Amino acid sequence: MNCPNCLFNFKDAKYRFVLISVTNNCNNSCDYCYLGCNNKINKKNISMDTIKKILEAYCLYLQDFPKEERFLTIIWHGGEPLIAGTEFYEKILKLQKEYAKKFDVSFNNGIETNGTLLTEEWADFLSQNHFQIGISLDGPKFIHDIHRRGKDNLSSFSKTLRGIEILEHKRIPFSVISVITNKNHQYYKEMLDYFISFKYLRYADFLPGYDPNGQIEYLNPENYGNFLASLFDYWISLGGSKKIQIRYFDDLILKISNQVKKNTPIGCEIMGKCGEIQYVNEDGQLYPCVTLPQSPELFMGNFHKNSFNEMLKSKNYLNFQNKFNDLHSDCQSCNIYSICKGGCATRRFYHPNKRSDSKDYFCLARKRIINKIKKYLRRQTKMEDEINTFVRGPKPEKEEGKNTFVRSPKEENEE
């Protein structure tokens with residue numbers, strides 16, 4: 001689509017990142033699961049034939065890229081992806097090796113697991129084959145067990161912790177994803193303190209609880225805003241990224257301070273892009289994102305029936321692009337638009353208790369944290385200038401308009 005003034009011109013999209021659901025089966029029963037894994041019907045694993053078709057389609061697509069840009073990052077998702085067993089992934093790695101040679105592409109693999117099935121064998125396999133490992137963990141036991149329980153409704157915490165301890169013992173890096181809700185948002189200190197206790201934790205990601213089908217409010221904007229603001233203050237007091245990396249905060253700091261380069265990995269919602277991180281379910285059906293509903297209106301096609309190019313040009317995907325770029329006028333005139341980029345498509349269109357106005361459900365929370373970080377960075381810049389002035393003497397005056405962190409009257413009021 002030709003869209004020079006759009007939020008995102010999808011003609012520039014690069015589809016080199018995909019989440020593939022290995023199974024819709026799970027050994028846990030998290031009450032905020034948005035992928036239907038708690039349903040008791042139609043449990044299935046993805047077939048190797050489906051995986052072949054997916055990989056081949058992406059490899060063919062990558063042929064239009066320069067050689068150095070022919071890579072595909074895959075996050076093996078679920079359900080619980082470890083249910084499939086190591087032999088399943090051995091077949092995938094063998095297939096990737098074959099396709100890497102045939103199509104001159106490279107593959108990066110990651111896996112998102114609840115950690116309960118991690119064993120010494122699994123840890124060695126994932127480490128030796130360079131998988132990035134993400135663990136779903138909400139915090140210490142009393143927090144984790146609020147939502148993440150086993151099928152018997154008993155605690156799943158000890159099993160997850162056992163898996164993490166195996167990774168720690170083997171010095172294998174991992175990350176954690178925590179879901180924030182109305183029931184746990186007040187425990188920001190306990191969460192962060194607990195995560196800091198792990199030596200090989202790469203970063204923590206705190207995601208707001210949501211229901212892409214728009215039926216349940218797991219987290220309200222006020223509680224989310226309070227959580228982000230309180231967590232940021234506590235994080236900074238501990239040393240910020242030097243102590244522990246928090247993806248959302250690190251991304252915002254990079255964006256606000258104009259440090260985002262061409263290949264800097266930044267979350268899609270901050271970059272104003274959508275659809276570049278796609279999702280394929282167990283049947284080979286393609287959707288723009290894992291967080292969006294698997295609904296008929298967003299179904300792009302099936303790798304068993306359609307070419308990748310056909311799916312990218314499907315009527316549903318073109319309609320989604322137009323909807324995504326139909327940004328509310330308040331967003332376009334907002335003082336943080338250049339940072340926020342309108343927010344997440346899921347929360348703009350598929351969240352409960354909101355008007356159909358195409359504004360992110362967590363708009364006020366996002367405004368609060370972005371303005372807070374802008375204020376913090378201005379303060380840090382001022383302190384650095386004062387220190388440099390004391391040590392080296394006054395700096396030449398900057399040209400008018402060159403200060404990134406000049407505060408407008410509107411920002412003063414919103415802070």
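This is a predicted model, so every value here is computed, not measured.
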Exactly one of F71, Y15, F308 should register a ring-ring contact (aromatic ring centres under 6.0 Å, His included) with Y58. Which one does?
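The option that passes is F308.
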Applying ring-ring contact (aromatic ring centres under 6.0 Å, His included), can you list everything that pairs with Y188, at least two apart in sequence or on another chain?
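With neighbours one apart ignored, the set is empty.
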Is the Y89-W122 ring centre distance short of 6.0 angstrom?
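Centroid separation for Y89 and W122: below 6.0 Å.
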Is the distance between the ring centroids of F8 and F10 under 6.0 Å?
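Ring-ring flag for F8/F10: true, centres closer than 6.0 Å.
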Considering only NZ, NE, NH1 and NH2 on the basic side and carboxylate oxygens on the acidic side, decide whether D251 and K255 come within less than 4.0 Å.
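Judged by the 4.0 Å cut-off on N to carboxylate O distance, D251 and K255 do not form a salt bridge.
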Are the charged groups of K372 and D233 less than 4.0 angstrom apart, N to O?
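Looking at D233 together with K372, the answer is yes, because their closest N to O distance falls below 4.0 Å.
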Could you give me the CA-CA distance, side-chain angles and deciding distance for I54 and I46, then say whether side chain to side chain contact (heavy atoms under 4.5 Å, CB included) is met?
CA-CA 11 Å; I54 296 168; I46 195 169; 4.1 Å; yes
Is [X] reaching over with its side chain to a backbone N or O of [Y], donor-acceptor style, under 3.5 angstrom?
{"X": "H144", "Y": "D138", "result": "yes"}
{"X": "S197", "Y": "Y194", "result": "yes"}
{"X": "R16", "Y": "E69", "result": "yes"}
{"X": "N114", "Y": "E80", "result": "no"}
{"X": "N316", "Y": "P296", "result": "yes"}
{"X": "W235", "Y": "I244", "result": "yes"}

For [Y], is the NZ or CZ atom of [X] found under 6.0 angstrom from the centre of its six-membered ring and inside 45 degrees of the ring axis?
{"X": "K14", "Y": "F65", "result": "no"}
{"X": "K159", "Y": "F157", "result": "no"}
{"X": "K189", "Y": "Y234", "result": "yes"}

Quick one: pull up [atom1] in [X] and [atom2] in [Y] and give me the separation to the nearest 0.5 Å.
{"X": "N129", "Y": "L93", "atom1": "CG", "atom2": "CG", "result": "4.5 Å"}
{"X": "I236", "Y": "S241", "atom1": "CD1", "atom2": "OG", "result": "7.5 Å"}
{"X": "S29", "Y": "K151", "atom1": "OG", "atom2": "NZ", "result": "4.5 Å"}
{"X": "F125", "Y": "L82", "atom1": "CZ", "atom2": "CG", "result": "10.5 Å"}
{"X": "F206", "Y": "M191", "atom1": "CZ", "atom2": "CE", "result": "7.0 Å"}
{"X": "Y317", "Y": "N322", "atom1": "OH", "atom2": "CG", "result": "11.5 Å"}

Any chance the side chains of T116 and N27 put a donor and an acceptor closer than 3.5 Å?
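Result is yes, a qualifying pair exists.
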Test log, rule side chain to side chain contact (heavy atoms under 4.5 Å, CB included), inputs E168 and F198
CA-CA 7 Å; E168 287 272 291; F198 296 119; 3.8 Å; yes
Check the pair Q278 / L312 against side chain to side chain contact (heavy atoms under 4.5 Å, CB included), numbers first and verdict last.
CA-CA 11 Å; Q278 299 178 321; L312 294 179; 3.6 Å; yes
What side-chain donor-acceptor pairs closer than 3.5 Å can you find for residues 224-232, not counting sequence neighbours?
unit_1 : atom_1 : unit_2 : atom_2 : d
N226   : OD1    : R368   : NH1    : 2.6
N226   : ND2    : E222   : O      : 3.3
S230   : OG     : N226   : O      : 2.9

I'd like to know whether L126 forms a side chain to side chain contact (heavy atoms under 4.5 Å, CB included) with I172, so could you lay out the CA-CA distance, the side-chain angles of the two residues, the decisive distance to 0.1 Å, and finally the verdict.
CA-CA 9 Å; L126 295 173; I172 299 174; over 6 Å; no
For a salt bridge (charged side-chain N to carboxylate O under 4.0 Å, His left out) check, start with the C-alpha distance between D145 and K141, then their side-chain angles and the critical distance, and finish with the verdict.
CA-CA 6 Å; D145 285 346; K141 186 178 187 301; 3.1 Å; yes
